Amino acid sequence: MLEVKNLSGGYKNKAVLHDVSFSAPGGCITAILGPNGCGKSTLLKMICGILPASSGRVLLYGRDLRKFPAGQIAQKVAYLAQQRQTPDITVGRLVLHGRFPYLSYPRRYRQEDYRIAQEVMERLNIRDLAEVQLNRLSGGQQQKAYIAMALAQDTDVVLLDEPTTYLDVSHQLQLLHQAKELAGSGKHVLMVIHDLSHGLETADRVVLLNKGTVVMEGSPEKAYRSAAAEQVFSVKISRVLLNGKWRYLCTEK
């Protein structure tokens, strides 16, 4: 179980999160939803320790993540940022970077690291891009390469900040399916996603943020029936049962 307890903080003198608490069980996708500027990306950065919290704790299996050595945190938590620079390396080398937390001195990749990187690239259908320079790819292809790097890290917790950015509709759906598979393997998958419909359809649990505080925590069904998501996003949400699964539609009020 991953637990966020009374987390507060922000940037310099600007508070962004205020006493945020929720749980994210293993084997589930927890979608972090909320309007722009509500603190979603800040929350992921605090969970993985990139951004220090002014107060509160993040517990993994009951242990404060800040008590783990830095190298062990990288073996427990993978983080895919929303914005990043594009290094002048091949896709294969980028994916291998996900194995770096497992290397001992001297920092040399092992056969196991190459095997895992190859398996992840095959799973995401980018094996044919392994020798291509990252900066020569489209935004969608680059996004899949970064996702592959995060998966190659093989951590218990996977934090994805807007992972469907730059992807076309088909690849968005593939990515969401892969996130489901990750969660099905027992991992804690936390995903910030701007598409409310996709979030409600994909997630097992929802954490709804507004102005840096948790408005609601629970199932997508609870988010829908309570009208909390409608209030936060100022939209009307309707749904239809299609092939045994709820599909959500958001329209103006």
Side-chain angles (χ1 to χ4, degrees), residues 4 7-8 10-11 14-24 28-47 80-84 138-144 146-147 158-180 182-183 189-253:
V4 174
L7 207 62
S8 297
Y11 304 89
K14 181 181 179 181
V16 177
L17 298 179
H18 312 280
D19 201 30
V20 169
S21 296
F22 66 91
S23 60
C28 293
I29 291 180
T30 300
I32 313 296
L33 304 176
N36 291 341
C38 71
K40 302 185 297 296
S41 297
T42 300
L43 175 59
L44 291 193
K45 291 177 183 178
M46 286 190 184
I47 289 174
L80 178 65
Q82 181 180 4
Q83 297 179 337
R84 51 197 172 267
S138 68
Q141 290 173 317
Q142 289 182 14
Q143 182 76 338
K144 292 183 76 171
Y146 276 103
I147 291 169
V158 181
L159 308 178
L160 303 174
D161 193 355
E162 302 282 12
T164 57
T165 300
Y166 306 119
L167 300 181
D168 59 35
V169 174
S170 175
H171 288 103
Q172 287 181 33
L173 296 176
Q174 289 178 28
L175 184 279
L176 296 174
H177 177 73
Q178 287 155 354
K180 277 284 192 185
L182 271 179
V189 180
L190 282 76
M191 182 168 57
V192 167
I193 186 165
H194 74 274
D195 190 311
L196 180 57
S197 298
H198 280 167
L200 293 174
E201 292 169 4
T202 305
D204 302 290
R205 292 177 57 79
V206 168
V207 175
L208 190 59
L209 287 182
N210 194 26
K211 298 179 181 179
T213 63
V214 175
V215 175
M216 190 229 72
E217 174 190 4
S219 66
E221 179 75 13
K222 179 180 177 182
Y224 173 75
R225 289 193 175 277
S226 69
E230 288 188 335
Q231 294 170 8
V232 166
F233 284 93
S234 297
V235 296
K236 176 65 178 177
I237 303 175
S238 55
R239 66 181 184 178
V240 60
L241 193 61
L242 183 63
N243 296 327
K245 182 176 176 60
W246 287 115
R247 302 296 180 181
Y248 293 85
L249 176 65
C250 302
T251 57
E252 289 183 326
K253 281 188 173 181

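Numbers here are sequence positions counted from 1. All values below come from the heavy atoms of this structure, side chains included, with hydrogens, waters and symmetry mates left out. All figures in this text were calculated on a predicted structure; none of them were measured in a lab.
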Closest heavy-atom pair and its distance - Pro35, Asn210: CG-OD1, 3.5 Å
For Glu252 and Val235, indicate whether the former's side chain and the latter's backbone hold a donor-acceptor pair under 3.5 Å. no
What residue among Gln82, His194, Lys40 forms side chain to side chain donor-acceptor pair (under 3.5 Å) with Glu162? His194
4.5 Å side-chain heavy-atom contact, Tyr248 and Leu196: no
Donor-acceptor under 3.5 Å (Glu217 side chain, Leu208 main chain): no
Over all atoms of both residues, closest heavy-atom pair of Asp161 and Ser41: OD2-OG, 2.7 Å
Do Asp19 and Ser8 have side-chain atoms, one donor and one acceptor, less than 3.5 Å apart? no
Pair Tyr11, Val16 - check side chain to side chain contact (heavy atoms under 4.5 Å, CB included), show working. CA-CA 7 Å; Tyr11 304 89; Val16 177; 3.8 Å; yes
So, applying side-chain contact (heavy atoms from CB on, under 4.5 Å) with Leu209, which one of Thr42, Leu43, Leu33 is it? Leu43
Residue pair Ser170, Gln174: steps toward the side chain to side chain contact (heavy atoms under 4.5 Å, CB included) verdict: CA-CA 6 Å; Ser170 175; Gln174 289 178 28; 3.5 Å; yes
Is Ser238 close to Leu249 at the side-chain level, that is, under 4.5 Å between some pair of heavy atoms? yes
Just do the side chain to side chain contact (heavy atoms under 4.5 Å, CB included) check on Glu221 and Arg239 with the steps written out, would you? CA-CA 11 Å; Glu221 179 75 13; Arg239 66 181 184 178; 2.7 Å; yes
Looking only at heavy atoms, the pair that brings Ala183 and Cys28 closest together is CB-C, 3.7 Å
Any Gln178 side-chain heavy atom under 4.5 Å of Leu182 side chain: no
Minimal heavy-atom distance between Leu242 and Arg247, with the atoms involved, is CB-CG, 3.9 Å
What heavy-atom pair brings Ala15 and His18 nearest, and what distance separates the two atoms? CB-CE1, 3.6 Å
I need the Thr202 OG1 to Leu176 CG distance, nearest 0.5 Å. 4.0 Å
When you measure from the side chain of Thr164 to the backbone of Leu167, do you find a donor-acceptor pair of N or O atoms at a distance under 3.5 Å? no
Are any of the side-chain nitrogens in Glu201 or Lys245 under 4.0 Å away from the carboxylate oxygens of its partner? no
Under the criterion side-chain contact (heavy atoms from CB on, under 4.5 Å), which of Asp204, Leu159, Leu190 is the partner of Thr30? Leu190
Close side-chain approach of Leu17 to Met46, heavy-atom, < 4.5 Å: yes
Main-chain N/O of Ile237 paired with Glu230 side-chain donor or acceptor, under 3.5 Å: yes
Between Gly199 and Ile193 the two heavy atoms that sit nearest each other are CA-CG2, 3.8 Å
How about NZ on Lys180, more than 12 heavy atoms from neighbouring residues, nucleotides or ligands closer than 6.0 Å, or not? yes
For the pair Val206 and Phe22, evaluate side chain to side chain contact (heavy atoms under 4.5 Å, CB included) and give the outcome as yes or no after the intermediate values. CA-CA 10 Å; Val206 168; Phe22 66 91; over 6 Å; no
Can you tell if the side chain of Met216 reaches within under 4.5 Å of the side chain of Val232, non-hydrogen atoms only? no
